[in-house]
Protein chains: 2
Amino acid sequence: MSLIFSRRCEYALQAVLYIALKPQGEMSSIKEMTKKLDIPYHFLGKILQDLSRKGLLKSLKGPTGGFALGMPAKDMTLFHLVEAIDGVELTSKCVMGFPECSGKNPCAVHEQWADLRDGIYKMLVNKHIAEMAKDMKKPMYNSISR
Amino acid sequence: MSLIFSRRCEYALQAVLYIALKPQGEMSSIKEMTKKLDIPYHFLGKILQDLSRKGLLKSLKGPTGGFALGMPAKDMTLFHLVEAIDGVELTSKCVMGFPECSGKNPCAVHEQWADLRDGIYKMLVNKHIAEMAKDMKKPMYNSISR
DNA sequence: CTGTATTCAGACTGACTTATCTGTAATACA
DNA sequence: TGTATTACAGATAAGTCAGTCTGAATACAG
């Protein structure tokens, strides 16, 4: 703490974006991504397996195998990914840790946090992978090819 | 994950607010707060010791001892407390986990997150304990007396 | 001065996160 | 058919976080 996403989730976002930037039909291998993105090999494997089981990615074994998006980039949102990895308690729980916190029963920063939380929620829901891929200007994503 | 503050920090905020609502001159004991706020006894002890060492609280041993604010409630901000417990990397680090992330070198949500991050930062800096105590309407803070 | 209530200090435990290691199953290609 | 390449699975290890336990130091009340 305190960061907004877990390490696991950060890696997931980086990798999914990498996969999304691949030309249609090509697959991305763990080996390839672990090098380009500097993510531990087996750890990345676990994360991508997890996303595959949940349908967000498709995987294929063998020499030409790897990972591809499990749905169109326009349909996959940040919310899908964060929900699958970290969960999205962030968008509902009291920031001061009280079990119940409402307008009638507010904590000391209830109003202010409600606004910020809504902003975060909107970002998660509205931002889809296609748009993210367009806005990404990181050098390690430049020459995406095996 | 994913919550914005650690457990430790949530407890700290709850306790400091409790202390701030005490009549001037009276001290709050761990025993008292652990009951009212439902926080593990020794864990709360550690947290308050930590805040005492950092000057945010004053402590006194013995039968009439306990904790009091280390500075006027108007001068102590959320930022002070969060910085002391969790650290405030949240207000500077890249949300996707990239080591460097700037306008020239943006990640996929750089712009959107910059706005939200500023909002969070402003809340932390501008919200002081005196105001928080005023806005707090939780039942466990109602009859504050030993 | 004595007893008691409190903070203070350190070691310890359990759960979770972040990896790492070793081996197995599936697939493409020569 | 065999071999290389890849994802998959399970065990293990190190680090951090949350919480517990025991006892010492300190200060007040009588």
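Throughout, protein chains are lettered first and strands after them, A, B, ... in sequence-line order, and every chain is numbered starting at 1. Side-chain atoms are counted along with the backbone in the values below, which use heavy atoms only and exclude waters and symmetry mates.
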In whole angstroms, how far is the C1' atom of D:dT6 from the CD atom of A:Glu32? 12 Å
Between P of C:dA11 and NE2 of B:His42, the distance in whole Å: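 Taking atom P of C:dA11 as the reference, NE2 of B:His42 is at 16 Å.
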Looking at B:Tyr11, I'd like to know whether one of its side-chain N or O atoms comes within less than 4.0 Å of OP1 or OP2 on D:dA18. no
Using a cut-off of 4.0 Å on non-hydrogen atoms, how would the nucleic acid contact of B:Tyr41 be classed: base, sugar-phosphate, or nothing?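 If one applies the 4.0 Å heavy-atom cut-off, B:Tyr41 turns out to touch a base.
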For B:Tyr18 and B:Tyr141, take the angle between the two ring planes, folded into 0 to 90°, and tell me which bin it lands in: parallel under 30, tilted 30 to 60, perpendicular over 60. tilted
Check the distance between D:dT6's P and A:Ile19's CD1 and give it to me in whole angstrom. 15 Å
Report yes if at least one side-chain N or O of A:Arg7 is closer than 4.0 Å to OP1 or OP2 of D:dG15; otherwise report no. no
Mark yes or no for whether B:Asn126, through its side chain, and B:Lys122, through its backbone, hold a donor-acceptor pair below 3.5 Å.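 Between the backbone of B:Lys122 and the side chain of B:Asn126 there is a qualifying donor-acceptor contact (under 3.5 Å).
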Which nucleotide in D:dG19, C:dC8, D:dC8 has an atom nearest any side-chain atom of A:Gln49: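 Comparing D:dG19, C:dC8, D:dC8 against the side chain of A:Gln49, the answer is D:dC8.
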Take nucleotides 25-30 of chain D nucleotide by nucleotide from the 5' end and write B, S or -, depending on whether a protein heavy atom sits under 4.0 Å from the base, only from the sugar-phosphate, or from neither. BBBBS-
Where is the tightest heavy-atom contact between A:Thr34 and A:Pro40, given as atom of each residue plus distance? OG1-C, 3.6 Å
Roughly how many Å is it from CZ in B:Phe43 to P in C:dT7, rounded to a whole number? 17 Å
Think A:Lys138 forms a cation-pi with B:Phe98, using NZ or CZ under 6.0 Å from the six-ring centre and within 45 degrees of its axis? yes
To the nearest Å, how far apart are B:Leu51 CG and C:dC8 P?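 Distance check: B:Leu51 CG to C:dC8 P gives 11 Å.
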Where the side chain of B:Arg8 is concerned, which of D:dA18, C:dT7, D:dT6 is the nearest nucleotide? D:dA18
Rounded distance (Å) that lies between atom P of C:dT20 and atom CD1 of A:Ile47: 12 Å
To the nearest Å, how far apart are A:Ile85 CD1 and C:dC16 P? 17 Å
Salt-bridge test for B:Glu10 and A:Lys93: reply yes if a basic N is under 4.0 Å from a carboxylate O, no otherwise.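 Judged by the 4.0 Å cut-off on N to carboxylate O distance, B:Glu10 and A:Lys93 do not form a salt bridge.
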If you count the non-hydrogen atoms of other residues, nucleotides and ligands that lie under 6.0 Å from CZ in A:Phe43, is the total more than 12? yes
Distance in angstrom units between A:Lys46 NZ and C:dC16 C1', rounded: 16 Å
Without swapping roles, check the side chain of A:Asp86 against the backbone of A:Ser6 for a donor-acceptor pair under 3.5 Å.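 Indeed, once roles are kept as given, a pair shorter than 3.5 Å links the two residues.
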Side-chain atoms of B:Ser29 come closest, of D:dA18, D:dA7, C:dT7, to C:dT7
Of the listed nucleotides C:dA9, C:dT7, D:dC8, the one nearest the side chain of A:Ser52: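 Of the options given, the side chain of A:Ser52 lies nearest D:dC8.
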